[in-house]
There are 2 protein chains.
Amino acid sequence: MTDARQPPSASARRRPEAPSPPATAPAADTAAKAPTASRLLKEQGILTEAENHFAQFGFEGASLENIAAAIGISRHNLLYYFPNKEALYQRVLDDVLTQWLAGMEDLSHSDDPQQALRRYIRAKLRYSRERPNGAKVFTKEVIAGAPRYGKAIAARVGPLLKAEVRTFERWAREGRIARVNFTHLMFIIWSVTQAYAEQEAQFALLLGKPALTERDYGKAEELICRMVIKALEPDAALDNPPRAD
Amino acid sequence: MTDARQPPSASARRRPEAPSPPATAPAADTAAKAPTASRLLKEQGILTEAENHFAQFGFEGASLENIAAAIGISRHNLLYYFPNKEALYQRVLDDVLTQWLAGMEDLSHSDDPQQALRRYIRAKLRYSRERPNGAKVFTKEVIAGAPRYGKAIAARVGPLLKAEVRTFERWAREGRIARVNFTHLMFIIWSVTQAYAEQEAQFALLLGKPALTERDYGKAEELICRMVIKALEPDAALDNPPRAD
DNA sequence: GTCTATAATGGGATAGAC
DNA sequence: GTCTATCCCATTATAGAC
């Protein structure tokens, strides 16, 4: 953890504005809130830092003061870009969820169960590795009972999960996979893949390493895929009990 | 406490001889100062409430004021029983870890891989159901990078995990289970079983229920066991198990 | 053991400077 | 449009009085 936290110096931080305004189409949208590339850039910087702090301290524990200080701006400057703490938090979670749901849609559109699952697990693990703090913020929110983001989870994840389960059930009817409880299967896949983001510190600690390597993630992927795919291997012709959901 | 951190030297560990059990750390303070029964009772009440609050708000977010108020005492009365927030937090985590490690020791002492794993998964899921807040506090600590409890994890979990992996490797040598990465297998079992504590809110939300029922936990247990046991079925025809080393 | 005072922190609103 | 300064109020850790 780079803790090169520096006190917010009172020195004036004059950043020259973008010297050349986009002369191409300035009049396209007259007074419509121009996205202003520099603003988007700064927002992104705030969001990244906020993700780090929310991941480490949770919603209550994180402070706007520290988030702002970590990127060298004042708290009031931060509040200019996001109206309040809650809005900043919601944006962080929105972005994480958007990334995850993209991977889930891919899963539904495939037509080869094994390959689709392998791809999904691989993608989810890659997110965990590349953007662990997003997963951490999400899990902390869920642990607390999803008091601030529960509605968004129900609204955005619920429908996709149902579609996913329907896809699995179709595959099961076609005899391509065994009929297990597919909802719980998704819960389990989520849990495991996210654990490699959230608990990286613990896993690395127990492996005696400073951090997990690409090889470690490869081993995890191999084992997770093995577990999922073996569990979904059709039970041959032993018996095919139509299991109640 | 005891900084028994040892690098996982694969070289210095040649003999599979049964190692002397690495003296699990005695649970916190012993009977050094004869605590009265009423004091123990009050301590337990504080610990239970602290577990709830730390689970919901994290270390930074929880306040001694609220914990004390929830059980009808003053903050200063609480501070009489626990010197500060940090000590209270450590005690909560000590108690959780003690419970988990007991289940792990049982796993090592069994002689039937399948039965042992089923029992372990069932026990871990039962903990998740009966005492979800302990798991939540633990996971939140790990998510934050284990800044306050990392040493205890390394000292208490590490040795047991190694013993566990050695047991699995013996079973694999005997051809009773397939040879997978057993360390990651344990990581995965932990992640999944704990997820049913930490993420109960999310799972229930997505199932459209106010809370998970015993049936839900039963379904989870069935699927988790299936995944683990199928993944450990010896590959038989593919490559013959290495009978002797 | 309980109650109260103080200092520090943090979120938020408003006004105003570049 | 972007950023800073001042004020306000709630919360809380800590210390000390009773």
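Order of the sequence lines sets the chain letters (A, B, ...), proteins ahead of strands, with each chain counted from 1. What you see below is based on every heavy atom in this structure, not just the backbone, and it leaves out hydrogens, waters and symmetry mates.
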What is the distance, rounded to the nearest whole Å, between atom [atom1] of [X] and atom [atom2] of [N]?
X: B:I46; N: C:dG1; atom1: CD1; atom2: C1'; value: 13 Å
X: B:I67; N: D:dT11; atom1: CD1; atom2: C1'; value: 15 Å
X: B:N66; N: D:dA13; atom1: CG; atom2: P; value: 9 Å
X: A:L79; N: C:dG16; atom1: CG; atom2: P; value: 20 Å
X: A:L88; N: C:dG10; atom1: CG; atom2: C1'; value: 15 Å
X: A:N84; N: C:dA13; atom1: CG; atom2: P; value: 7 Å
X: A:E60; N: D:dT11; atom1: CD; atom2: P; value: 13 Å
X: A:E86; N: C:dG12; atom1: CD; atom2: C1'; value: 14 Å

For A:Y127, check side chain to side chain donor-acceptor pair (under 3.5 Å) against everything at least two apart and list the hits.
none
With a 4.0 Å cutoff (strictly under), does any side-chain N or O of A:K85 reach OP1 or OP2 of C:dG12?
no
For A:E221, which residues count as a salt bridge (charged side-chain N to carboxylate O under 4.0 Å, His left out) partner, sequence neighbours excluded?
A:R122
Holding to ring-ring contact (aromatic ring centres under 6.0 Å, His included), I want the full list of residues that pass it with B:Y217, two or more places apart in sequence or in another chain.
none
Sugar-phosphate, base or nothing in reach of A:A62, heavy atoms under 4.0 Å:
sugar-phosphate
Partners of A:E43 by side-chain contact (heavy atoms from CB on, under 4.5 Å), sequence neighbours excluded?
A:R39, A:L40, A:Y81, A:F82, A:R91
Does the Lys NZ or Arg CZ of A:K85 fall within the cation-pi geometry relative to A:F59 - under 6.0 Å from the ring centre and within 45° of the axis?
yes
Does anything in residues 143-165 of chain A pair up under ring pair (Phe, Tyr, Trp, His ring centres under 6.0 Å), and if so which pairs, sequence neighbours excluded?
none
Summarise protein proximity over nucleotides 2-7 of chain C in one line of letters, 5' to 3': B for base, S for sugar-phosphate only, - for none, counting protein heavy atoms closer than 4.0 Å.
SBB---
